[in-house]
Amino acid sequence: MMKRPLLSAIALASLVMCAPARADEDDKVPYWATIDTDLANLRVGPGESYRIDWVYRRLHLPVKVVRREGPWRLIEDPDGTQGWMRDLLLSRQRGGIVKGKELVAMRVKPDDAAPIAWRIEPGVVGVMPEDCKQSWCLFDVNGHKGFVHETQLWGTGTP
């Protein structure tokens, strides 16, 4: 009779002990994120009462989350603009934006000698379905996939 409540108490205690580890991992800033909607407002402060400073219309635009305050995130965009955005508008999916002023080669394999699959313009946004390896990132632009040098993308490396 006493075993069941004891097991329940042990199970509950183990859940409580595990929860802070996950919360700590989620609370670490800075981290990379992407805008997860076609329309997202950037505000001058962490709340609906603050004025809108900028409106983003770029799904998967990479941003750096530099601070958390409740459900609000202080973000920095690829141009260095900072402001506050609701967490519901962001995804932890990694994304990148092509840097520079020239076309960038997207290769079929992570190798400078590999054939070029696509040439992409500066400012093109894509997602990175996996971590970059050995300075190459798998980059997906609307289903067009290939490998791009990590140095040619904003949104890679340590935030």
Side-chain angles (χ1 to χ4, degrees), residues 18-46 48 50-159:
C18 292
R22 176 78 176 137
D24 288 346
E25 180 183 305
D26 288 344
D27 286 343
K28 290 182 181 177
V29 289
Y31 64 86
W32 294 112
T34 54
I35 294 179
D36 199 29
T37 181
D38 291 327
L39 179 72
N41 294 330
L42 186 74
R43 297 182 178 271
V44 297
E48 295 286 332
Y50 290 93
R51 77 174 166 79
I52 296 170
D53 193 36
W54 194 255
V55 178
Y56 292 91
R57 297 180 187 269
R58 301 224 30 213
L59 181 65
H60 303 307
L61 181 74
V63 295
K64 184 189 310 181
V65 176
V66 295
R67 190 169 147 208
R68 300 166 48 101
E69 191 166 314
W72 293 88
R73 304 295 179 261
L74 177 61
I75 65 161
E76 181 178 324
D77 72 13
D79 294 327
T81 301
Q82 287 193 350
W84 293 88
M85 191 174 285
R86 269 301 308 260
D87 58 353
L88 298 174
L89 303 174
L90 300 170
S91 168
R92 289 276 185 135
Q93 180 178 28
R94 292 292 295 268
I97 186 169
V98 178
K99 301 189 299 187
K101 297 186 188 288
E102 308 210 359
L103 292 176
V104 168
M106 185 187 295
R107 300 192 178 271
V108 297
K109 291 191 220 170
D111 184 339
D112 283 318
I116 296 172
W118 309 98
R119 293 191 190 274
I120 47 180
E121 296 179 344
V124 168
V125 171
V127 295
M128 295 180 289
E130 57 189 47
D131 289 337
C132 301
K133 296 175 183 123
Q134 298 175 340
S135 78
W136 288 94
C137 303
L138 178 58
F139 196 55
D140 182 344
V141 180
N142 298 324
H144 302 289
K145 297 178 185 177
F147 291 88
V148 177
H149 272 286
E150 186 173 15
T151 57
Q152 296 173 309
L153 299 170
W154 189 89
T156 65
T158 304

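For Gln93, the CD atom counts as densely surrounded, since its 6.0 Å shell holds more than 12 non-hydrogen atoms of other residues, nucleotides or ligands. Atom CH2 of Trp54 has 12 or fewer neighbouring heavy atoms from other residues, nucleotides or ligands inside a 6.0 Å radius. Counted within 6.0 Å of NZ on Lys99, heavy atoms from surrounding residues, nucleotides or ligands total more than 12; the atom is thus considered enclosed.
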Quick one: side chains of residues 75-85, donor-acceptor pairs under 3.5 Å with protein atoms, not counting sequence neighbours, listed by atom name and distance.
residue, atom, partner, partner atom, Å
Glu76, OE1, Gln82, NE2, 3.1
Asp77, OD1, Asp79, N, 2.9
Asp77, OD1, Gly80, N, 3.0
Asp77, OD1, Thr81, N, 3.0
Asp77, OD2, Tyr56, OH, 2.7

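Looking at Arg107, its side chain never comes within 3.5 Å of a backbone N or O of Ala113 through a donor-acceptor pair. Under a 3.5 Å cut-off, the side chain of Arg94 and the backbone N or O of Gly155 do form a donor-acceptor pair. Under a 3.5 Å cut-off, the side chain of Arg67 and the backbone N or O of Leu74 do not form any donor-acceptor pair.
Between Leu103 and Glu121, the closest side-chain pair of non-hydrogen atoms falls below 4.5 Å. Between Val98 and Leu153 the shortest side-chain heavy-atom distance falls below 4.5 Å. Ser135 has its side chain out of reach of Thr151: every pair of non-hydrogen atoms, C-beta onward, lies at least 4.5 Å apart.
Of all heavy-atom pairs between Arg92 and Tyr31, the closest is NE-CE1, 3.3 Å. Here the shortest heavy-atom pairing between Gly126 and Val141 reads CA-CG2, 4.2 Å. Nearest heavy-atom pair across Arg58 and Ile35 is O-CB, 4.0 Å. In plain terms, the two heavy atoms of Ala33 and Val65 that are nearest each other are CB-CG2, 4.0 Å. Lys101 and Pro122 make their closest contact through C-CG, 3.5 Å (heavy atoms, listed as atom of the first residue, atom of the second, distance). Of all the heavy atoms in Trp118 and His144, the pair that sits closest is CZ2-ND1, 2.9 Å.
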Quick one: do Leu90 and Asp36 satisfy side chain to side chain contact (heavy atoms under 4.5 Å, CB included)? Show the steps, please. CA-CA 5 Å; Leu90 300 170; Asp36 199 29; 5.8 Å; no
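Look at Glu48 and Arg86 and you find no salt bridge, because none of the NZ, NE, NH1 or NH2 atoms lies under 4.0 Å from a carboxylate O.
Legend: salt bridge (charged side-chain N to carboxylate O under 4.0 Å, His left out) pairs involving residues 122-135, not counting sequence neighbours, sorted by first then second residue: Glu130-Lys133.
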